[in-house]
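No experiment lies behind these values; they were computed from the predicted model shown.
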Amino acid sequence: MNGARSIGSAVCAVALALAVGSGQKAAPTLTVVFGGETRGYLAPCGCTKPMLGGISRRGAAIRRMQARGPVVAIENGDLTLAEGRQDEIKAETLVDALGAMRYDAISLGEHDFDLGLDALRALDGRSGSRLLCANAVDEAGLPAFAGHRVVQRKLGGVARRIAIWAAVAPGLSASGDVTLRDPRQALRAASAQSGIRILAFHGRRAEAEAIARAVGAFNLIVYAHGPDTPAPPVRVGRSTLVCAGTSGKYLGTAALDSSGAVRKVAYIALGEDVGTDLRIESIRRAYLARVSSENLLDLLPRSPLPKGDSYAGSASCGPCHAEAHRVWAASGHARAMATLKKVGQDRDPECVPCHVVGAAHEGGYVDKKAVGLAHVGCENCHGPGRRHADDPTVKPARGGADSCAPCHVPNHSPGFRYE
């Protein structure tokens with residue numbers, strides 16, 4: 001077996017049908033799978049249930065669709081936020097995973113350009129030349145990447161030509177070695193192509209609408225910089241505009257008939273019931289092994305504590321604050337690091353700081369040898385407590401909303417309310 005478990009009911013999580021005449025006989029359709037702005041979320045992240053997203057669930061969903069009929073899969077830019085070495089590894093991992101899922105095209109976003117042109121060209125080679133951007137030129141004024149890619153799929157036994165184009169809104173920032181030109185000029189050649197035409201446009205809906213009006217060649221336009229959750233489809237002329245949200249939590253699908261008309265748009269919420277593609281999960285696990293082997297957690301910047309302060313660990317609080325310690329010990333905070341270890345992310349510098357004490361400071365958690373500093377403890381809210389533990393007359397800081405806010409952000413804890 002291929003390791004993909006059942007998708008279950010999640011496929012129908014959000015369905016938005018576009019007008020289809022009643023009584024029409026179902027015709028063969030092409031399923032276009034789309035997403036974008038994954039932003040490095042290779043796995044679900046958050047403190048509330050259900051947690052959505054992850055490339056392993058995406059792989060399970062796509063594999064199931066590919067078994068049912070013809071599929072074209074498109075990723076629309078911002079693979080990561082390009083903020084350092086970990087994002088470089090993530091970008092390589094995501095390109096490998098998309099390749100294993102048989103993605104047909106990967107468009108670029110403004111954050112991708114921050115990796116630098118050399119790194120992007122290496123990723124392009126790694127992807128089998130699937131990175132696309134029609135309006136990016138290098139310092140010599142030459143196209144930095146292919147502008148489009150043509151694939152074929154059989155609909156009702158007849159081969160159909162599908163041209164996938166990509167462009168980035170020129171108002172978005174790009175690295176110094178790439179210039180973004182007017183996408184309308186770069187995309188005009190699409191009008192001369194036959195078959196089904198799809199555009200992955202990394203720009204806002206209003207900009208995508210302007211391109212739909214100016215070019216008028218595309219059956220489907222996937223846009224970016226929309227809401228965090230899927231947006232309803234919009235029709236502009238012959239084009240249908242869609243957006244699947246951010247962070248890889250949802251997977252968009254559009255059903256196109258043989259003429260290219262969009263018949264239905266649906267969104268899959270990538271929850272636990274989607275299942276896991278074990279082949280994609282092995283790629284993600286290899287990423288975690290790379291992060292650990294490069295000791296990226298040890299390279300986190302750490303600021304010094306005020307002179308005389310140091311961490312004591314939550315166990316030091318128990319003798320005097322027995323009831324508070326009992327409440328803490330029964331909470332999820334007291335097992336925060338264990339949740340990371342369970343999923344193999346206990347050496348991930350993006351995750352660990354919100355699951356331990358003092359990872360951002362000298363003397364805070366570094367690894368499991370830091371006794372008493374694993375998990376979210378008393379000192380996450382009250383600050384370093386060694387002086388108070390040694391001398392109870394030295395009062396610790398009061399906990400408050402500011403101590404919760406850095407980790408309980410809306411994207412990870414949408415239901416969190418400090419009050």
Side-chain angles (χ1 to χ4, degrees), residues 4-16 31-65 71 73-81 83 87 90-91 93-95 97-98 101 103 106-107 109 111-112 200 202 204-205 222-233 241-254 265-277 280-281 283-284 287 339-340 343 345 348 350-351 354 407-416:
R5 298 202 296 270
S6 173
I7 292 177
S9 61
V11 172
C12 298
V14 184
L16 300 163
T31 298
V32 178
V33 175
F34 59 90
E37 295 183 279
T38 296
R39 298 176 179 174
Y41 281 99
L42 303 184
C45 180
C47 304
T48 56
K49 297 287 185 177
M51 288 196 295
L52 301 179
I55 58 174
S56 302
R57 294 174 183 174
R58 191 195 304 195
I62 290 178
R63 186 173 285 254
R64 180 69 170 266
M65 285 184 275
V71 171
I74 300 168
E75 178 75 358
N76 189 20
D78 284 353
L79 302 177
T80 73
L81 296 180
E83 292 180 339
D87 277 351
K90 278 186 177 183
T93 300
L94 190 49
V95 163
L98 296 177
M101 294 181 220
Y103 264 65
I106 304 170
S107 73
H111 290 297
D112 298 317
H202 197 88
R204 294 173 178 82
R205 172 181 153 180
V222 182
Y223 68 91
H225 289 268
D228 290 336
T229 54
L241 279 59
V242 293
C243 179
T246 67
S247 307
K249 294 182 179 182
Y250 297 85
L251 193 62
T253 67
V265 174
Y267 295 102
I268 303 169
L270 296 178
E272 289 182 5
D273 58 344
V274 172
T276 298
D277 187 315
I280 305 303
E281 178 62 12
I283 293 173
R284 191 186 73 84
Y287 151 78
T339 63
L340 286 188
V343 294
Q345 291 177 245
D348 188 333
E350 290 187 338
C351 304
C354 283
C407 292
H408 288 284
V409 296
N411 199 37
H412 300 165
S413 299
F416 178 78

Item to check | Sidechain N-carboxylate O distance under 4.0 Å for Glu83, Lys90 | outcome: no

Should [X] and [Y] count as side-chain neighbours, where that means a heavy-atom distance under 4.5 Å?
X      : Y      : value
Glu272 : Arg57  : yes
His225 : Arg205 : no
Ile106 : Leu79  : yes
Thr80  : His111 : no
Met101 : Arg58  : yes
Tyr267 : Val242 : yes
Asp87  : Glu350 : yes

For a quick test of reading the model, state the closest non-hydrogen atom pair linking [X] to [Y] and the distance between them.
X      : Y      : value
Val274 : Ala269 : CG2-O, 3.5 Å
Gly35  : Ala244 : CA-CB, 4.1 Å
Gly54  : Pro44  : CA-CD, 4.0 Å
Gly46  : Met51  : O-SD, 3.0 Å
Cys407 : Ser413 : O-OG, 4.5 Å
Leu270 : Gly248 : CD1-O, 3.5 Å

Checklist entry - Hey, which of Asn76, Leu251, Val222 is the one that makes side chain to side chain contact (heavy atoms under 4.5 Å, CB included) with Phe34? => result Val222

Checklist outcome for this item: Test side chain to side chain contact (heavy atoms under 4.5 Å, CB included), reference Leu42, set Thr93, Ile283, Ile280, output is Thr93

Checklist entry - Between Cys45 and Cys351, is the SG-SG gap less than 2.5 Å? => result no

Checklist entry - Going through the distances and angles, do Thr246 and Tyr41 end up as a side chain to side chain contact (heavy atoms under 4.5 Å, CB included)? => result CA-CA 9 Å; Thr246 67; Tyr41 281 99; over 6 Å; no

Checklist entry - When you look at Asp78 and Thr38, which way does the side chain to side chain contact (heavy atoms under 4.5 Å, CB included) test go after all the steps? => result CA-CA 6 Å; Asp78 284 353; Thr38 296; over 6 Å; no

Next on the checklist: Checking Asp228 against Tyr250: is there a side-chain donor and acceptor pair closer than 3.5 Å?
Outcome noted: no

Checklist entry - Can Ser56 and Glu281 be counted as having a side-chain donor-acceptor contact under 3.5 angstrom? => result yes

Item to check | Verdict with reasoning, Tyr287 to Asp348, per side chain to side chain contact (heavy atoms under 4.5 Å, CB included) | outcome: CA-CA 10 Å; Tyr287 151 78; Asp348 188 333; 4.0 Å; yes

Next on the checklist: side chain to side chain contact (heavy atoms under 4.5 Å, CB included), that's the test. Do Lys249 and Asn411 meet it? Break it down for me.
Outcome noted: CA-CA 11 Å; Lys249 294 182 179 182; Asn411 199 37; 3.1 Å; yes

Item to check | Atom pair OG1/CD1 of Thr31 and Ile62 - distance to nearest 0.5 Å | outcome: 11.0 Å

Next on the checklist: Students often mix this up, so state it plainly: with edges at 30° and 60°, are the rings of Phe416 and His408 parallel, tilted or perpendicular?
Outcome noted: parallel

